[in-house]
Amino acid sequence: MTASPTHLALLTLALLAVFLLALLAAVTAGLLARWDGASAPAALLRAGIAFGGTLTLLIAMLALVAGTLT
């Protein structure tokens, strides 16, 4: 079964939204860590952990929704 261009466009937009939400969570976590007095490398590490965790969770949720709709 082939995917229509509309489905591919919606999937691309959903992936972009997921990436941007994960990036927003990472920036927020990094800024809060830095504001709390963490060093720059520690704040960057916390931001990376927040980005990876958020991206993993949102991609899993997107896969679950896509699986139930098809």
Smallest separation among heavy atoms of Ala29 and Ala47, with atom names: CB-CA, 4.4 Å
Hydrophobic cluster membership, Leu45 vs Phe51, 4.5 Å side-chain cutoff: no
Hphob cluster co-occupancy, Val27 + Leu21, side-chain heavy atoms under 4.5 angstrom: no
Spacing of OG1 belonging to Thr28 relative to CZ belonging to Arg46, to within rounding of 0.5 Å: 14.5 Å
Minimum heavy-atom distance Ala26-Ala50, with the two atoms named: CA-CB, 4.2 Å
Heavy-atom donor-acceptor pair, Thr68 side chain to Val65 backbone, under 3.5 Å: yes
Euclidean distance, Leu62 CG relative to Leu11 CG, rounded to 0.5 Å: 6.5 Å
N/O donor-acceptor pair under 3.5 Å between Arg34 side chain and Ala38 backbone: yes
Inter-residue atom distance Leu15.CG - Leu20.CG, 0.5 Å rounding: 11.0 Å
pair Thr54-Leu24: side-chain heavy atoms closer than 4.5 Å: no
